[in-house]
There are 2 protein chains.
Amino acid sequence: MRNSPGYDVYSRHCPARLVLDRLADKWVLLVIGRLWDQAVRFNQLRRDVDGVSQKVLSQTLKKLERDGLVERRVYATVPVTVEYSLTALGRSLAETIESFSHWAERNINAVLAAQHSYDAANGEAAAE
Amino acid sequence: MRNSPGYDVYSRHCPARLVLDRLADKWVLLVIGRLWDQAVRFNQLRRDVDGVSQKVLSQTLKKLERDGLVERRVYATVPVTVEYSLTALGRSLAETIESFSHWAERNINAVLAAQHSYDAANGEAAAE
DNA sequence: GGTGCCGGTTTCCTACAAGTTACCAAGTGA
DNA sequence: TCACTTGGTAACTTGTAGGAAACCGGCACC
């Protein structure tokens with residue numbers, strides 16, 4: 001992979017690697033994916049993204065908001081309404097994530113098949 | 001984000017989410033990125049991907065090999081040579097990862113700026 | 001015989017990630 | 001008044017990823 005001038009993603013203290021590290025988080029991927037087409041409320045997001053706890057979702061959203069990827073909007077409704085949506089920056093990232101997601105869905109069978117044949121070859125000894 | 005028929009990445013036990021979880025790993029991203037244009041030896045990889053320990057690199061490579069993304073080739077040279085390279089499947093993923101990487105490099109400044117303004121607004125109380 | 005390199009594996013230990021539970025305010029309805 | 005909602009935060013506990021370091025075989029050099 002070629003480097004852009006001035007950056008080296010592989011060096012430990014490269015700021016771009018910080019971004020990459022942040023992105024390398026399943027919840028981030030799933031949350032941004034969920035926000036792709038519409039703004040979503042906190043508890044709705046919690047229900048949609050199966051398996052995430054409030055704490056982690058809250059932390060994830062705060063990180064994303066800090067990174068300028070997600071916008072948080074509070075409405076003074078009956079029970080308070082908090083809506084999360086993607087910013088322009090977040091939407092540009094979401095496009096990349098979508099291609100990721102599509103890769104996963106398209107190639108899941110190939111990966112699963114590779115795992116099975118790998119396990120068949122090496123797994124018998126390692127199974128013990 | 002729209003769903004492919006039959007899959008739902010958001011449900012807890014979706015196989016595609018397993019793939020996504022695996023991919024959501026900074027070392028995986030960096031290793032595949034490094035293997036993008038050439039086969040690389042173990043210790044070379046360790047030096048290039050700054051900050052990874054042998055153990056974690058070894059585990060990461062094993063996982064990637066099991067997933068059919070990386071190929072491991074051993075040469076019976078003087079000190080044994082082990083070369084890792086991408087499979088066709090791995091290369092198709094690498095293209096996606098590259099766009100990720102490029103996004104990070106292009107938008108690092110926007111993210112950093114967002115972080116600064118966020119911290120300026122909220123950080124004073126939270127800094128303590 | 002001792003030291004070094006390559007490519008790992010194993011063990012140990014610790015620090016942080018993350019789950020669970022409890023709690024909060026504010027408002028509404030029974 | 002109590003219960004229930006939303007959208008969290010805080011405290012406590014557990015799990016586990018990951019770092020450090022030792023060890024391994026095989027060979028080469030001295």
Side-chain angles (χ1 to χ4, degrees), chain A residues 12-13 17-18 20-31 34-35 39-66 70-85 118 122-123 125-128, chain B residues 12-13 17-18 20-31 34-35 39-66 70-85 118 121-128:
Chain A
R12 197 193 298 258
H13 300 298
R17 201 164 117 172
L18 294 177
L20 215 58
D21 286 3
R22 168 114 347 140
L23 266 34
D25 180 323
K26 57 173 177 173
W27 298 127
V28 166
L29 264 51
L30 290 168
V31 165
R34 185 60 191 82
L35 294 178
V40 184
R41 295 220 262 155
F42 185 85
N43 278 336
Q44 186 61 44
L45 210 45
R46 189 149 80 88
R47 280 186 293 269
D48 289 348
V49 179
D50 195 20
V52 71
S53 68
Q54 315 106 298
K55 190 184 104 177
V56 173
L57 179 57
S58 169
Q59 288 172 345
T60 301
L61 287 168
K62 223 184 286 181
K63 279 193 284 182
L64 290 175
E65 193 194 352
R66 191 172 102 96
V70 156
E71 194 185 356
R72 182 174 183 273
R73 225 173 283 168
V74 184
Y75 300 96
T77 48
V78 183
V80 62
T81 297
V82 181
E83 244 184 27
Y84 291 91
S85 56
Y118 182 95
N122 312 39
E128 201 267 323
Chain B
R12 195 194 301 257
H13 301 298
R17 200 164 117 172
L18 294 177
L20 216 58
D21 287 2
R22 168 114 346 139
L23 268 35
D25 180 324
K26 57 175 177 172
W27 299 127
V28 166
L29 264 50
L30 289 168
V31 166
R34 185 61 191 81
L35 294 178
V40 184
R41 297 220 263 154
F42 185 85
N43 277 337
Q44 186 61 45
L45 211 46
R46 190 151 80 87
R47 280 186 293 269
D48 289 348
V49 180
D50 193 21
V52 72
S53 68
Q54 316 105 300
K55 190 185 105 176
V56 172
L57 179 57
S58 169
Q59 288 172 344
T60 302
L61 287 168
K62 222 183 288 179
K63 278 192 285 181
L64 290 175
E65 193 193 352
R66 191 171 103 96
V70 156
E71 195 184 354
R72 182 174 183 272
R73 226 172 281 170
V74 183
Y75 300 96
T77 47
V78 184
V80 62
T81 298
V82 182
E83 243 183 29
Y84 293 91
S85 57
Y118 182 94
N122 311 38
E124 302 164 47
E128 207 268 323

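Per chain, numbering begins at 1; letters A, B, ... match sequence-line order.
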Mind checking if B:Arg46 touches a base, just sugar-phosphate, or nothing, with heavy atoms under 4.0 Å?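 Nothing, no heavy atom under 4.0 Å.
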Need one value for B:Tyr75: base, sugar-phosphate or nothing, where a base atom within 4.0 Å counts as base even if backbone is also close, heavy atoms only.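 B:Tyr75: no heavy atom of the nucleic acid under 4.0 Å.
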Over how many whole Å does the gap from [X] atom [atom1] to [N] atom [atom2] extend?
| X | N | atom1 | atom2 | value |
| --- | --- | --- | --- | --- |
| B:Asn43 | C:dG4 | CG | C1' | 13 Å |
| A:Glu83 | D:dG8 | CD | C1' | 17 Å |
| A:Lys26 | C:dA17 | NZ | C1' | 11 Å |
| A:Glu65 | D:dG7 | CD | C1' | 13 Å |
| B:Leu45 | C:dG8 | CG | P | 10 Å |
| B:Trp27 | D:dT16 | CH2 | C1' | 17 Å |
| A:Lys62 | C:dA18 | NZ | C1' | 15 Å |
| B:Leu57 | C:dG7 | CG | P | 11 Å |

Listed partners of B:Arg47 passing side chain to side chain contact (heavy atoms under 4.5 Å, CB included), at least two apart: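 So B:Arg47 forms a side chain to side chain contact (heavy atoms under 4.5 Å, CB included) with B:Asn43, B:Gln44.
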Within the 4.5 Å heavy-atom criterion, are [X] and [Y] side-chain neighbours or not?
| X | Y | answer |
| --- | --- | --- |
| A:Leu30 | B:Leu20 | yes |
| B:Val52 | B:Leu45 | no |
| B:Tyr84 | B:Arg34 | no |
| B:Arg66 | B:Lys62 | no |
| B:Val82 | B:Arg72 | yes |

Side-chain N or O of [X] closer than 4.0 Å to phosphate OP1/OP2 of [N]:
| X | N | answer |
| --- | --- | --- |
| A:Tyr84 | D:dT6 | no |
| A:Ser58 | D:dT9 | yes |
| B:Ser53 | D:dG18 | no |

Applying side chain to side chain contact (heavy atoms under 4.5 Å, CB included), run through A:Val49 and A:Leu57 and close with a yes or a no. CA-CA 9 Å; A:Val49 179; A:Leu57 179 57; 5.8 Å; no
Between C:dG7, D:dG19, D:dT6, which nucleotide has the shortest distance from any of its atoms to the side chain of B:Arg72?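 The answer is C:dG7.
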Choose from C:dG7, D:dG7, D:dG8 the nucleotide whose nearest atom is closest to any side-chain atom of A:Arg41.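 Of the candidates, D:dG7 comes closest.
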Just how far is it from atom CD of B:Gln59 to atom CG of B:Leu64, taken to the nearest 0.5 Å?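 Rounded to the nearest 0.5 Å, the CD-CG separation comes to 11.5 Å.
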For the helix from C:dG1-D:dC30 to C:dA30-D:dT1, measure the angle between the helix axis at one end and the axis at the other, each built from five pairs, rounding to 10°.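 That helix gives 20° between its end axes.
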At under 4.0 Å between heavy atoms, how does the protein contact nucleotides 21-30 of chain C? Give one character per nucleotide, 5' to 3', with B, S or -. B-----SS--
Closest approach of A:Ala24 to B:Leu29 (non-hydrogen atoms, all atoms of both residues):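 Taking A:Ala24 first and B:Leu29 second, the nearest heavy atoms are CB-CD2, 4.5 Å.
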Heavy-atom closest contact (A:Ser53 atom, A:Arg46 atom, distance):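 The pair with the smallest heavy-atom distance is C-CD, 4.4 Å.
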